[in-house]
Amino acid sequence: MLHYLLFAVYLVLLSWLLLRVPFIRDSGINRQVILGLFFIKVAAGIAIGWISLHWYGSGNDYWDLNRESWNEYQLMIHHPGEYFSNLFSSGYEGGYDGIFSSYDSYWNDLRGNVVIKLLSVFNIFSRGDYYVNSLFFNFLVFFAHVTLYRLFIQLYPGKNTLVILGSFVLPSALYFSSGIHKDGLMFLLLSVVIYTIFQGLRKNAFTAKRLSLILAGMFALFIVRNYTCLVLVPAALAWIIAVRTKKNTLLIFGVVYLSAGLLLSGLSVVTGGRMNPLKVIVQKQSDYLNLGSSETSIPLQKLQPNLASFTLNAPQAIDHSLLRPYIWELPTKSILPFNLELLLYEILFLVFIFFRSQAAPGLKHPYILFTIFFCLGGFLLIGYIVPALGAIIRYRGIYFPFLITPLLCSIDWQILKVKK
């Protein structure tokens with residue numbers, strides 16, 4: 001009973017606080033709409049917690065992280081020295097090796113430990129209750145949605161409703177970023193870094209504060225999900241160069257990515273294969289394959305650490321991450337909502353092709369190209385390494401707001417109404 005009371009009290013307090021944070025208050029969104037969107041976010045957090053508990057039992061990542069956080073809270077109270085030092089210590093033979101490893105590595109553990117430490121602080125107020133911790137967690141992640149809104153409304157002024165739909169309520173992004181896990185933190189960090197770069201380019205002022213925020217965000221993103229950070233770097237670099245030079249945008253993106261490809265190949269040749277970044281992705285795929293099969297497992301061609309293998313496997317990777325699950329593909333009924341979501345996005349893309357708004361920023365706009373290259377890079381990497389539809393749905397969901405919001409805002413809905 002106490003936990004219900006705590007949840008209600010904290011919900012009221014956080015709602016009150018939300019409307020007084022200048023970044024949110026000055027976003028231009030109506031106060032009632034802000035509260036409504038926050039309640040939707042909180043409800044999604046409750047839903048993913050309840051579903052994961054009742055469908056998969058207490059032995060799942062979301063509840064495991066919360067349970068471990070209570071152990072950390074006990075350390076905080078009784079052994080504060082160990083509490084503040086264990087985040088930086090490695091108990092593995094290899095010490096701090098294996099920065100890209102998927103298990104038996106300090107760096108792999110660190111991704112989860114960051115979430116656990118955050119929850120252990122929440123436990124001071126929540127007494128370890130999962131749903132109260134979820135409320136605090138989603139209060140923080142809600143800033144990611146607001147950040148995206150503030151970015152997109154500058155690109156698409158006057159399209160408030162469409163920007164809200166894309167920034168706040170896309171199903172897989174809303175659902176998976178609301179669970180107590182790395183996805184929400186990744187979404188928050190991505191939003192902050194991209195928004196800060198956008199503001200720096202728009203105002204032609206990369207101040208010390210902005211640069212510090214970008215670097216800190218990139219570092220934290222590398223810790224939370226390193227391969228996403230690596231996908232972000234070339235796309236962001238091409239975006240910055242395109243805006244600063246005002247040259248042919250598509251050409252600049254092509255040159256940056258071609259240079260990155262040559263650098264990867266050259267590094268392997270110069271070092272005699274000792275430093276081959278493609279081996280990291282091959283090992284990542286191997287780690288996922290070694291986890292064993294699941295209800296949503298799909299066949300995955302094994303990669304070799306060379307460009308030829310990655311090129312040959314690219315069509316399958318894009319198919320897996322961008323087109324599947326197909327609408328008829330139901331290894332488990334739990335993925336049906338996401339089948340329908342993907343079908344809706346495919347329909348939206350067809351509508352965009354035939355009813356594109358000429359007033360919206362086109363494909364040559366630096367930010368639009370950044371979004372396309374960044375998201376496709378993320379999808380490609382997910383398709384290369386993940387052999388299960390359930391995991392693919394979860395990992396790619398965070399990318400959708402960056403891609404689908406411009407799509408929604410680039411359709412000429414007025415013409416569509418007339419033709420209807």
Between F206 and L201, is a side chain to side chain contact (heavy atoms under 4.5 Å, CB included) present by the stated rule, with each step listed? CA-CA 7 Å; F206 280 97; L201 291 172; 3.7 Å; yes
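- Side-chain atoms of V115 and E68, non-hydrogen and from C-beta on, never get closer than 4.5 Å to each other.
- Contacts of N313 classified as side chain to side chain donor-acceptor pair (under 3.5 Å), with partners at least two apart in sequence or in another chain: none.
- For the atom pair I398 CD1 and C375 SG, the distance stands at 11.5 Å (nearest 0.5 Å).
- By the neighbour-count criterion of 12 heavy atoms within 6.0 Å, atom CZ of F349 is sparsely surrounded, having that number or fewer from other residues, nucleotides or ligands.
- L300 is listed as a side-chain neighbour of H320, based on a closest heavy-atom distance under 4.5 Å.
- Taking CZ of F187 as the reference point, atom CG of L140 lies at 13.5 Å (rounded to 0.5 Å).
- The line from CG of L232 to CG of L237 is 10.5 Å long, rounded to the nearest 0.5 Å.
- Of all non-hydrogen atoms in S294 and A388, the two that sit nearest each other are OG-CB, 3.9 Å.
- A distance of 10.0 Å separates OG1 of T196 from CG of L211, quoted to the nearest 0.5 Å.
- The side-chain heavy atoms of L389 and F338, taken from C-beta on, include no pair separated by under 4.5 Å.
- Across every non-hydrogen atom of P80 and H78, the tightest pair is CD-C, 3.5 Å.
- For Y227, the side chain to side chain donor-acceptor pair (under 3.5 Å) criterion is met by no residue, not counting sequence neighbours.
- F139 places none of its side-chain heavy atoms less than 4.5 Å from the side chain of K41.
- Within the 4.5 Å cutoff, the side chain of K364 has no heavy atoms near those of the L369 side chain.
- Taking CE of M186 as the reference point, atom OH of Y395 lies at 10.5 Å (rounded to 0.5 Å).
- In this view, S134 and Y130, N138, I180 satisfy the side chain to side chain contact (heavy atoms under 4.5 Å, CB included) rule, not counting sequence neighbours.
- With hydrogens and angles left out, the side-chain atoms of Q199 and R210 include no donor and acceptor closer than 3.5 Å.
- Salt bridge R225/D183: present, at least one basic N to carboxylate O contact under 4.0 Å.
- Here the shortest heavy-atom pairing between S69 and N133 reads OG-ND2, 4.4 Å.
- Aromatic rings of F168 and F142 (six-membered ring for Trp) have centroids within the 6.0 Å cut-off, being under it.
- Not counting sequence neighbours, L344 has no partner by the side chain to side chain contact (heavy atoms under 4.5 Å, CB included) test.
- Side-chain contact between T228 and Y399: present, with at least one pair of heavy atoms (C-beta onward) separated by less than 4.5 Å.
- Within a 6.0 Å radius of OH in Y83, more than 12 heavy atoms belonging to other residues, nucleotides or ligands are found.
- When every heavy atom of A242 is checked against every heavy atom of T249, the shortest pair comes out as CB-CG2, 3.9 Å.
- For Y131 and F7, the ring centers sit 6.0 Å or farther from each other.
- The aromatic ring centres of Y384 and F310 sit less than 6.0 Å apart.
- With sequence neighbours excluded, no residue satisfies side chain to side chain donor-acceptor pair (under 3.5 Å) with S357.
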Would you check, one step at a time, whether the test ring-ring contact (aromatic ring centres under 6.0 Å, His included) holds for Y10 with F136? CA-CA 8 Å; Y10 287 135; F136 292 145; 5.0 Å; yes
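- Between the side chain of N66 and the backbone N or O of G128, at least one donor-acceptor pair lies under 3.5 Å.
- By the 30° and 60° cut-offs, the orientation of the rings of F23 relative to F143 is parallel.
- Salt-bridge formation is not detected for the pair D287/K284: no Lys NZ or Arg NE/NH1/NH2 atom is positioned less than 4.0 Å from an Asp or Glu carboxylate oxygen.
- Residues G81 and S85 come closest through the heavy atom pair O-OG, 3.0 Å.
- Side-chain atoms of N290 come within 3.5 Å of backbone atoms of S286 as a donor-acceptor pair (strictly under, hydrogens ignored).
- Contact check for Y149 versus H145: no side-chain heavy atoms found under the 4.5 Å cut-off.
- For the residue pair N339 and I327, the shortest heavy atom distance occurs at ND2-O, 3.7 Å.
- Taking a 6.0 Å sphere around CD of E295, one finds it holds 12 or fewer heavy atoms contributed by other residues, nucleotides or ligands.
- Scanning for side chain to side chain donor-acceptor pair (under 3.5 Å) contacts around N113 gives an empty result, with sequence neighbours left out.
- Counting heavy atoms from C-beta outward, T405 and L148 have side chains that stay 4.5 Å or more apart.
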